[in-house]
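Counting starts at 1 for both ligands and their atoms, following the listed order. Computed from a predicted structure; not experimentally measured.
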Amino acid sequence: MGARDFERQLLSGADGGTRHEADVLVIGGGPAGAWAAVSAAARGARVLLADKGFCGTSGATAPSGTGLWHVPAEGTAREEAKASRFAMGGQLAEHAWMDRVLEQTWTNVETLKEWGYPFPVDDQGALRCTSLQGPEYMRLMRKRVKAAGARILDHSPVLELLVDEHGTVCGATGVNRQTGESWVARAGAVVIATGGCAFLSRALGCNVLTGDGQLMAAEVGAALSGMEFSNAYGLGPAFSSVTKSLFYNWATFYTADGVAIEGAGSSKGRGVIAQTLQAQPVYACLDRADAQIRAWMRTAQPNFFVSFDRQGIDPFTQHFPVTLRLEGTVRGTGGLHLVDDSCATTVAGLYAAGDAATRELICGGFTGGGSHNAAWALSSGFWAGAGAADFGRDARARSQRAA
Ligand SMILES: Cc1cc2nc3c(=O)[nH]c(=O)nc-3n(C[C@H](O)[C@H](O)[C@H](O)COP(=O)(O)OP(=O)(O)OC[C@H]3O[C@@H](n4cnc5c(N)ncnc54)[C@H](O)[C@@H]3O)c2cc1C
């Protein structure tokens, strides 16, 4: 739809749809979208957030929770953290972006503490901030989005972006799935925070992740980047949608007759597992975790254990079948190309954050799963919201001058 069609639709309300006005429209209400809304509102923008599901329960983080790249600035910890993913990603990541994500993540975690997020406490009485439980995290983020003054449209998938006569993004159209009514939002700037594309993976929370944001953005001319790194597979029990790969660092992998599969537990083990799965089932057992690690796992990611507990399986002593699920741009790093620190895309007025944006900047060609994606969602969301707020305010001033 061109600018004139948009204006016509706005003015006439020909289809009886609802019309909204905002400085910033955020599309998607996962962590990236929620942080974008909070950050844009803090800069004085009128913010509208639309989610195709329900902001707070929809998307990959809300049901699953995430390990978080939360590393202290003291000592050499950050240098070591950066070096490890830099090497794994084929040295394609950028140190400046890794630095700013580590710093912004640290700052936003301090904010989460102030907001009362219930981080667990370790034996020494210190807060453990290296993972976020999805339900608690996203329930809190929904509250903060509302407290910031942003309006939320739930069950309202965005269908198409709108551009003005200069090709600048100026809003979007959508539909309310509960009423069937269409809607149009005019906005000074738009943040795409629709997550990645992995809806056929059957991984937790991915049913809504159909790549709409990348497609809508591409339709108005936005460039993508790192899509060749988007064929990552998540590892999980064959009977469960929980693809949390981190804990398999402490696993041994076996054939059905209990023989350990050579190389499957190494850093290149995913390929060995994939090859073995072509011919026969693969089983895992987290038998390399000692008592301390086991206790940490239960606190860090309690939802990892839910499906085991339901089936009466002890993953530390019993062998269980595993599978690999293609998680596209959720686990892989490709997405919308960013042109500057504000997470602007190649199209004026359009910003991107979270899994909708490329994570090559901090992961290179390696997966963003395990902790980086979560840090990226909250950092890039924060920057994209601020960038869109500034752009949207200028757009409003321009249109007021023109009027
Ligand atoms: C099982 C699992 C475990 C994971 N564990 C980790 C981990 O330990 N550490 C880590 O760093 N990462 C992990 N990840 C990845 C992490 O969950 C994602 O990187 C993170 O959720 C990205 O946040 P987001 O806000 O970009 O997207 P999401 O959280 O996926 O949210 C996207 C939102 O956009 C909405 N949406 C989509 N299309 C539209 C549309 N057309 N209109 C309106 N709204 C739309 C969706 O409804 C959804 O609410 C895991 C992923 C999975 C699946």
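Atom 11 (O) of ligand 1 has its closest protein heavy atom at Ala374 N, 2.8 Å. Ranking the protein heavy atoms by distance from atom 23 (O) of ligand 1 puts Pro31 CG, 3.5 Å first. Remark: minimum distance from atom 15 (C) of ligand 1 to any protein heavy atom is reached at Asn373 ND2, 3.8 Å. In terms of protein heavy atoms, atom 25 (O) of ligand 1 is closest to Ala32 N, 3.0 Å. Ranking protein heavy atoms by distance to atom 43 (C) of ligand 1, first place goes to Lys52 N, 3.2 Å. Scanning all protein heavy atoms for the shortest distance to atom 20 (C) of ligand 1 gives Thr61 OG1, 3.3 Å. Of all protein heavy atoms, the one closest to atom 19 (O) of ligand 1 is Asp355 OD1, 2.8 Å. In this structure, the protein non-hydrogen atom closest to atom 50 (C) of ligand 1 is Arg331 NH2, 4.1 Å.
Here Cys55 has no heavy atoms under 4.0 Å from ligand 1, in either its backbone or its side chain. Neither the backbone nor the side chain of Ala62 has any atom closer than 4.0 Å to an atom of ligand 1 (non-hydrogen atoms only). Contact annotation: for Leu209 versus ligand 1, heavy atoms closer than 4.0 Å belong to the side chain alone. Under 4.0 angstrom from ligand 1, the non-hydrogen atoms of His372 all belong to its backbone.
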### Task
Applying ring pair (Phe, Tyr, Trp, His ring centres under 6.0 Å), run through Phe239 and Phe308 and close with a yes or a no.
CA-CA 9 Å; Phe239 49 79; Phe308 292 101; 5.7 Å; yes

### Query
Can you check ring pair (Phe, Tyr, Trp, His ring centres under 6.0 Å) on Phe320 and Tyr283, steps first, answer last?
CA-CA 5 Å; Phe320 55 91; Tyr283 294 79; 8.6 Å; no

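Looking at Val158 next to ligand 1, an N or O pair under 3.5 Å apart turns up. Considering backbone and side-chain N/O atoms, Ser371 comes within less than 3.5 Å of an N/O atom of ligand 1. The distance criterion of under 3.5 Å between nitrogen or oxygen atoms is met by Asp51 with respect to ligand 1. The shortest N or O to N or O distance between Ala375 and ligand 1 is not under 3.5 Å. For the pair Ser58 and ligand 1, the shortest N or O to N or O distance falls below 3.5 Å. At least one N or O atom of Ala60 sits closer than 3.5 Å to an N or O atom of ligand 1. Considering backbone and side-chain N/O of Asp212, one or more are found under 3.5 Å from N/O of ligand 1. Below 3.5 Å of separation, one finds no N or O of Ala203 facing any N or O of ligand 1. Considering backbone and side-chain atoms together, Ser64 places no N or O closer than 3.5 Å to any N or O of ligand 1. Between Thr66 and ligand 1, a contact under 3.5 Å exists for no N or O pair.
The option with the heavy atom closest to atom 4 (C) of ligand 1, from among Met216, Lys244, Gln301, Arg325, is Lys244.
Contact annotation: Gly213 has no heavy atom less than 4.0 Å from any atom of ligand 1. Within the 4.0 Å heavy-atom shell around ligand 1 one does not find Gly205.
When ring centroids are compared, His372 and Phe366 stay outside the 6.0 Å threshold. For Trp296 and Trp250, the distance between ring centers is under 6.0 angstrom. Between Tyr137 and Trp115, the ring center distance fails the sub-6.0 Å criterion.
Within ligand 1, counting atoms from 1 as listed, the ones closer than 4.0 Å to a heavy atom of Thr243 are 1 (C), 2 (C). The ligand atoms of ligand 1 that sit less than 4.0 angstrom from a heavy atom of Gly28 are 34 (O), 35 (C), 44 (N). Residue-ligand proximity, Gly30 to ligand 1, at heavy-atom distances under 4.0 Å covers atoms 25 (O), 29 (O), 31 (O), 33 (C), 49 (O). When each atom of ligand 1 is checked for a heavy atom of Ala50 under 4.0 Å away, the hits are 43 (C), 44 (N). In the vicinity of Leu204, heavy-atom distances shorter than 4.0 Å reach the ligand 1 atoms 1 (C), 53 (C). Contact atoms of ligand 1 toward Ile27: 42 (N), 43 (C) (distance under 4.0 Å to a heavy atom of the residue). Each of the atoms 26 (O) of ligand 1 lies under 4.0 Å from some heavy atom of Gly354. Of all atoms in ligand 1, numbered sequentially from 1 with element shown, those under 4.0 Å from a heavy atom of Cys206 are 53 (C).
Using a 4.5 Å heavy-atom threshold, the side chains of Lys52 and Ser156 count as separate.
With Thr243 as the fixed residue, the side chain to side chain donor-acceptor pair (under 3.5 Å) test singles out one of Arg325, Arg202, Arg331: Arg331.
Between the side chains of Thr194 and Asp212, no donor-acceptor pair of N or O atoms lies under 3.5 Å. Residues Asn108 and Thr111 bring no donor and acceptor atom of their side chains to less than 3.5 Å of each other. Side-chain contact, Thr329 with Ser230: no donor N or O sits under 3.5 Å from an acceptor N or O.
Within a 6.0 Å sphere centred on OH of Tyr233, heavy atoms belonging to other residues, nucleotides or ligands number 12 at most. Counting heavy atoms of neighbouring residues, nucleotides and ligands inside a 6.0 Å radius, atom NZ of Lys143 does not exceed 12 of them.
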